[in-house]
Amino acid sequence: MTHLSVEMLAADSAGPITSAGHAQLGIAVLAGIAVIVLLITKFKLHAFLALTVGSLALGAFAGAPLDKAIASFTAGLGSTVAGVGVLIALGAILGKLLADSGGADQIVDTILAKAGGRAMPWAMVLIASVIGLPLFFEVGIVLLIPVVLMVAKRGNYSLMRIGIPALAGLSVMHGLIPPHPGPLVAIDAVEANLGVTLALGVLVAIPTVIIAGPLFSKYAARWVDVPAPEKMIPQRPSEDLEKRPGFGVTVATVLLPVVLMLAKALVDIVVDDPEATVQRVFDVIGSPLIALLAAVIVGMFTLGRAAGFTKDRLSTTVEKSLAPIAGVLMIVGAGGGFKQTLIDVGVGQMILDFSKDWSIPALLLAWLIAVAIRLATGSATVATISAAGLVAPLAADMSTSHTALLVLAIGAGSLFFSHVNDAGFWLVKEYFGLDVGQTIKTWSVMETIISVVAGGLVLLLSLII
């Protein structure tokens with residue numbers, strides 16, 4: 001895609017953007033983001049429409065011809081959906097199989113049976129992290145809320161002592177670990193290695209989830225001591241099933257794509273010969289498409305058939321899994337269009353110039369941009385996509401590991417301080433029966449801890465590797 005060459009704005013072969021161009025471009029970016037924020041928060045417009053209008057507004061404010069702005073947006077939307085659309089769909093199918101077959105309930109019940117007392121918050125964070133791998137954040141919350149409420153009620157635990165670790169596990173997976181939409185889009189935008197990003201993501205996720213989950217929950221339980229609201233305990237998916245899959249086979253199915261992708265990254269590092277047969281084999285089976293497809297096909301047998309699903313029931317489960325992700329796919333696609341418009345009007349070059357002038361480390365700049373967009377829009381996915389588009393040029397001269405860390409810095413920033421413009425904020429508030437102040441003191445603070453700890457660990461790793 002060629003730059004939308006406006007003489008004063010876009011970087012071209014003649015050199016960097018002029019200072020006047022920088023000023024106008026900066027105003028255009030702020031105006032474009034302001035339009036998106038206003039449409040989402042004030043007019044309650046769907047994020048897909050807001051991002052579409054905001055992208056065209058950005059092009060107009062930057063002085064680009066409207067037909068070129070439209071071409072940029074549609075090209076970005078198409079390439080993003082082509083890059084991650086199938087992966088999001090496969091992840092949704094695997095998650096639906098896990099939920100409907102009772103596999104998720106089996107993981108929960110097995111771990112809870114072996115945990116008790118002080119170990120319970122740690123058990124909840126483990127459950128949420130395992131279940132959160134293939135599930136979207138909202139689906140994970142809906143699936144785990146009944147468990148959190150039942151455990152808190154039966155064991156006479158503080159709701160926050162049990163709930164915060166579960167939420168932390170889900171949130172960290174959502175922000176840092178592929179195949180969740182945000183990390184996948186960021187990987188695609190900055191052309192990072194998925195296996196390396198996954199490996200480093202797990203490395204960052206473990207200490208982050210421990211600090212924001214079991215450790216922080218001690219303080220959250222003191223600040224907000226509320227009982228589990230009985231009216232919110234819904235029926236669990238497996239209560240209507242005669243049988244459900246075993247614990248070991250369920251965990252193996254969920255972890256299969258992760259193992260295959262990590263194996264590919266390991267072989268790439270150890271063998272480091274693109275022509276070697278073993279590397280070519282792992283390049284195929286460890287690609288995200290094949291890894292997730294393999295997990296879905298295996299899951300149909302290990303989860304679906306193990307739960308007694310007929311072929312028709314399996315087909316229905318797959319069909320039902322795809323409908324809810326239409327909105328996610330369109331938001332991700334529109335975010336990709338916004339990203340491409342940012343790049344094509346020359347914002348990437350402007351960010352490069354600024355980062356040189358300010359001497360801010362690229363990873364910190366990426367985190368700060370994601371934080372700003374998260375605070376404004378309330379959406380972690382929109383923050384990830386937009387920030388990835390803005391800082392993508394910074395990845396050009398980075399090593400493989402530092403490009404992966406750039407993705408994680410963006411993901412960490414996208415989780416910062418969830419508040420009243422975030423759907424997740426209201427979801428947690430209603431399910432846990434909290435008021436706005438209590439939700440801020442628990443959920444919002446937990447999200448901020450995740451963001452700051454993960455961001456700090458990313459910067460620390462960048463000094464080591």
Kindly determine whether Trp426 and Tyr431 satisfy ring pair (Phe, Tyr, Trp, His ring centres under 6.0 Å), including the steps that lead there. CA-CA 8 Å; Trp426 297 104; Tyr431 268 127; over 10 Å; no
Which atom of Ala380 lies closest to which atom of Leu415, heavy atoms considered: CB-CD2, 4.3 Å
Under the criterion side chain to side chain contact (heavy atoms under 4.5 Å, CB included), which of Thr197, Val204, Val209, Ile410 is the partner of Leu176? Val204
Spacing of CD1 belonging to Ile290 relative to CG belonging to Leu260, to within rounding of 0.5 Å: 10.0 Å
Mind checking whether Lys429 and Thr442 have side chains closer than 4.5 Å, heavy atoms only? no
Under the criterion side chain to side chain donor-acceptor pair (under 3.5 Å), I'd like the reasoning laid out for Gln340 against Ser79: C-alpha separation, chi angles, the key distance, then a yes or no. CA-CA 10 Å; Gln340 193 61 47; Ser79 65; 5.0 Å; no
Taking all non-hydrogen atoms of both residues into account, name the closest pair between Gly333 and Val81 and its distance. CA-CG2, 3.7 Å
Taking the basic N atoms (NZ, or NE/NH1/NH2) and the acidic carboxylate oxygens, is any pair closer than 4.0 Å for Arg374 and Asp422? yes
Decide yes or no for Val249 and Leu303: does some side-chain heavy atom of the first lie under 4.5 Å from some side-chain heavy atom of the second? no
For a 4.5 angstrom cut-off between non-hydrogen side-chain atoms, does Pro207 reach Leu457? yes
Can you give me the closest heavy-atom contact between Ala192 and Val407, atom names plus distance? CB-CG2, 3.8 Å
Is there a side-chain contact between Leu144 and Val108 in this structure, where contact means two heavy atoms from C-beta onward sitting under 4.5 Å apart? yes
Separation between CG of Leu363 and CG of Leu460, rounded to the nearest 0.5 Å: 11.5 Å
Donor-acceptor under 3.5 Å (His180 side chain, Gly132 main chain): yes
Taking the six-membered ring for Trp, are Phe416 and Trp367 parallel (under 30°), tilted (30 to 60°) or perpendicular (over 60°)? perpendicular
Quick check against the 3.5 Å criterion: does Ser418 have a side-chain atom that pairs as donor or acceptor with the backbone of Ser444? no
Between the side chains of Glu191 and Thr403, does any donor sit under 3.5 Å from an acceptor? no
Does any non-hydrogen side-chain atom of Ile450 lie less than 4.5 Å from one of Met446? yes
When you measure from the side chain of Trp443 to the backbone N and O of Leu167, does any donor-acceptor pair fall under 3.5 Å? no
So, Ser451 side chain and Thr448 main chain: donor-acceptor pair closer than 3.5 Å or not? no
Looking at side-chain heavy atoms only, is the closest gap between Leu289 and Leu87 below 4.5 Å? yes
For Ala362 and Leu406, work out which heavy atoms get closest and say how close. O-CD1, 4.1 Å
Please determine whether side-chain contact (heavy atoms from CB on, under 4.5 Å) holds for the pair Leu112 and Met124, giving the CA-CA distance in whole Å, both sets of side-chain angles, and the decisive distance to 0.1 Å. CA-CA 8 Å; Leu112 292 185; Met124 291 308 301; 4.0 Å; yes
Give a yes or no on whether the backbone of Ser462 and the side-chain of His402 come within a donor-acceptor separation of less than 3.5 Å. yes
If you measure only the distance, is there a donor-acceptor pair under 3.5 Å linking the side chains of Thr341 and Ser72? no
For residues Phe282 and Leu266, determine if any side-chain heavy atom of one lies less than 4.5 Å from a side-chain heavy atom of the other. no
Given Phe61 and Leu25, is the side-chain contact (heavy atoms from CB on, under 4.5 Å) satisfied, shown in steps? CA-CA 8 Å; Phe61 292 136; Leu25 257 185; over 6 Å; no
Strictly distance-based, threshold 3.5 Å: is any side-chain N or O of Ser287 a donor or acceptor partner for the main-chain N or O of Val284? yes
Minimum heavy-atom separation for Ala186 and Thr384, please, with both atom names. CB-CG2, 3.9 Å
Atom CG in Leu390, atom CD1 in Ile385: separation rounded to 0.5 Å? 12.0 Å
One should read off an interatomic distance between Leu322 CG and Leu90 CG, to the nearest 0.5 angstrom, of 9.0 Å
Backbone N or O of Phe417 within a donor-acceptor pair of the Glu447 side chain at under 3.5 Å? no
Might you work through the side-chain contact (heavy atoms from CB on, under 4.5 Å) test for Thr381 and Val185, ending with a clear yes or no? CA-CA 9 Å; Thr381 304; Val185 173; over 6 Å; no
Given 3.5 Å as the limit, does a donor-acceptor pair link the side chain of Ser386 with the main chain of Ala383, or not? no
Measure from NZ or CZ of Arg161 to the centre of the six-membered ring of Tyr157, then state whether that distance is under 6.0 Å and the direction lies within 45° of the axis. no
Given the rule in the side-chain contact (heavy atoms from CB on, under 4.5 Å) test, do Leu94 and Leu98 qualify, once you have shown the distances and angles that lead to the verdict? CA-CA 6 Å; Leu94 183 59; Leu98 181 69; 5.8 Å; no
Once you round to the nearest 0.5 Å, how far does CD1 of Ile162 lie from CZ of Phe432? 10.0 Å
Would you call Pro274 and Arg280 a side-chain contact if the rule is heavy atoms closer than 4.5 Å? no
Over all heavy atoms of both residues, which pair between Ala265 and Val196 is shortest? Give the atoms and the distance, please. CB-N, 3.8 Å
So OG of Ser171 and CD1 of Ile141: to nearest 0.5 Å the spacing works out to 8.5 Å
Would you find a donor on one side and an acceptor on the other, under 3.5 Å apart, between the side chain of His419 and the backbone of Phe425? no
